[in-house]
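Chain identifiers are assigned alphabetically (A, B, ...) following the order of the sequence lines, protein sequences preceding nucleic acid strands; residue numbering begins at 1 within each chain. Since we're looking at a predicted model, the values are computed, not measured.
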Amino acid sequence: MKDLKLVVQRFDPVKDASPKMVEYAVPKREGMTVLDALLYARDYVDHSIGLRFSCRQASCGSCGMKINGRPRLACYTQVEELGGEKVVAQPMDNFAIIKDLVTDLGSFFDKHKAVTPRLVREDGEEQERPTGEYLMTPGELSKVLQFTYCIKCGLCTSSCPTVATDERYPGPQALTQAYRYSADARDQGGAERIAALDNSHGVWRCHFAGSCSYVCPKGVDPALGIQLLKRHVMTGKPPHAKDEASKVWKAPESGR
Amino acid sequence: MSSEGGGKARNRRGLSGWLNPYHYNFERWAYVFQRVTGIAILAYVIGHLGDTSFFVGGPIGTGPSQSSWTFISGIVENSFGHLILVLVVLVVIFHGTNGLRLIASEMGLILGRPASIEYPYKPRSLRLGQRALIWAAIILAVVGAAWAAMILFGGLA
Amino acid sequence: MRESRLMLLQYITALLAVALVAVHLLTQGIIYPYSTAISFGTILSLYRNGLYAIFLEALLVVVLVHGFNGVRIILHEWRQTAPWSRWVDIGTVVAIVATVAFGSKTVILAVFGGASG
Ligand code: SF4
């Protein structure tokens with residue numbers, strides 16, 4: 001089998017003036033992922049290639065990068081599906097480069113945190129020391145389940161044309177999580193979450209280019225979440241009112 | 001912002017993120033065209049305010065003036081001017097019909113609902129319905145422009 | 001102002017523009033032969049029929065508000081410094097007022113101005 005041509009964008013902002021593309025020959029094997037190829041190059045050719053990975057199974061969201069021009073997870077992309085001859089690995093767009101393929105996701109996590117991505121309840125004491133459970137029907141679960149699969153890899157945000165220029169825009173990941181928590185039957189913080197996104201750099205800077213959903217490796221469909229969010233921001237009404245949220249359910253005393 | 005500066009290199013795509021949809025999905029191309037056609041239409045409208053003002057004698061005119069209208073007609077009513085009009089019809093119809101798709105989508109009307117995922121997964125928000133509507137906008141625009149061309153160049157005037 | 005109010009304005013002007021522009025294209029291209037539609041006499045008689053003047057004025061306002069608000073959105077997405085944001089908002093209002101005033105002047109003079117040669 002012919003070797004794979006692996007081209008990696010090398011750039012250390014502390015030392016280098018500009019990025020350069022370096023080619024490595026990697027022996028192919030069946031089922032090889034781009035991450036496998038990068039690790040081969042790092043282990044046997046050049047130890048200084050900077051890359052980040054952890055789980056190798058599309059669960060951790062660490063190895064997001066631009067592969068052959070499109071944001072993908074290196075561990076979730078087989079060399080074969082890219083034609084099997086040439087793979088070009090570059091850091092994700094829209095995030096600052098730390099070194100080579102490693103980008104800084106700090107601002108990304110800050111934006112995620114800014115949408116209050118947790119269940120907001122008025123019964124805070126109950127959340128700290130539960131006396132029962134917040135119930136959720138299967139129908140209620142299916143409204144948000146798909147959005148809970150987000151692994152915060154950043155691929156969607158790196159694909160977004162608005163993020164490309166607007167530093168204050170939350171980005172597809174954060175907006176989708178804003179919808180995910182507001183639409184959760186157990187949540188009571190929808191009104192505040194929605195009001196916080198109704199400004200000139202909030203949800204309305206999405207124009208439904210859909211690239212986020214196109215690149216998301218987990219089927220989250222951020223564009224769907226954001227469009228569903230917009231109607232609520234427009235009307236100022238969250239998906240459900242505070243007093244419609246799930247009540248605490250206590251198990252009946254068992255006769256044991 | 002915490003992440004930019006301090007030994008790191010800024011890597012936002014900038015305007016190329018708006019203008020270059022290469023490697024991305026069909027809807028991304030529609031986004032680019034919506035934005036570009038919007039600006040083009042506004043530019044045309046501003047110009048059109050200027051040429052129509054000659055109906056009342058030009059920018060500083062005082063009332064309907066046949067000679068001033070004949071003067072501006074002599075400038076804009078020719079093959080080049082008519083070509084511009086055909087292009088304007090093309091982009092106006094695309095912008096309008098694609099815009100209707102966007103309004104309906106942004107109000108959550110034509111997207112489908114979140115549901116469980118089966119692999120290989122195709123995002124619900126990018127399914128055939130959206131694509132068909134973008135194609136409908138393109139086809140309507142081309143038909144409208146062809147009609148305009150027939151009127152302006154084909155002797156239907 | 002809440003951004004969603006401006007977005008609602010953008011949607012409403014969009015829907016009105018679709019309807020009004022459709023009428024405009026029909027009157028220019030289909031209802032009359034093009035050469036008649038752009039002749040001085042036809043336009044004058046249309047203007048002096050009050051309804052058509054109101055239609056043109058509505059078209060003018062709707063399209064310019066939608067267009068300049070669209071540019072405002074694009075400019076906000078482009079840069080985010082505080083002075084930029086402020087001047088974009090002010091500039092949008094100024095541009096709408098100036099262009100609507102200029103276009104309205106044409107409509108008003110066409111309807112009420114004394115015709116000359
Ligand atoms: S929504 Fe998808 S692409 Fe975006 S961060 Fe989450 S998993 Fe990654």
> What part of C:Arg48 is in contact with chain B, defined as an atom under 4.5 angstrom from a non-hydrogen atom: side chain, backbone, both or neither?
Replying inline: side chain

> Side chain, backbone, both or neither: which part of B:Thr62 has an atom under 4.5 Å from a heavy atom of chain C?
Replying inline: backbone

>> Any non-hydrogen side-chain atom of C:Thr106 less than 4.5 Å from a side-chain atom of B:Phe54?
In response: no

>> For the CH2 atom on C:Trp87, are there more than 12 heavy atoms of other groups (residues, nucleotides or ligands in this structure) within a distance under 6.0 Å?
In response: no

>> Does the plane of the ring in B:His95 sit parallel, tilted or perpendicular to the ring in C:His66? Use 30° and 60° as the thresholds.
In response: perpendicular

Distance-only check: which donor-acceptor pairs under 3.5 Å involve side-chain atoms of residues 55-63 of chain C, not counting sequence neighbours?
from, atom 1, to, atom 2, distance (Å)
C:Glu57, OE1, C:Ser104, OG, 3.4
C:Glu57, OE2, C:Ser104, OG, 2.7

>> Can you tell me which portion of C:Glu77 sits under 4.5 Å from chain B's heavy atoms? Options are side chain, backbone, both or neither.
In response: both

>> Angle between ring planes, B:Phe55 versus C:Tyr47, binned at 30° and 60°: parallel, tilted or perpendicular?
In response: tilted

> Which atoms of C:Ile43 come close to chain B, meaning under 4.5 Å heavy atom to heavy atom: side chain ones, backbone ones, both, or neither?
Replying inline: both

> With chain C, which of B:Ile103, B:Ile93, B:Val89, B:Leu102 has the greatest number of heavy-atom pairs at distances under 4.5 Å?
Replying inline: B:Ile103

> For B:Ile60, is it the side chain, the backbone, both, or neither that has a heavy atom closer than 4.5 Å to a heavy atom of chain C?
Replying inline: backbone

> Where along residues 17-46 of chain B does a heavy atom come under 4.5 Å of chain C, listed by residue number?
Replying inline: B:Trp18, B:Arg35, B:Ile39, B:Leu42, B:Val45, B:Ile46

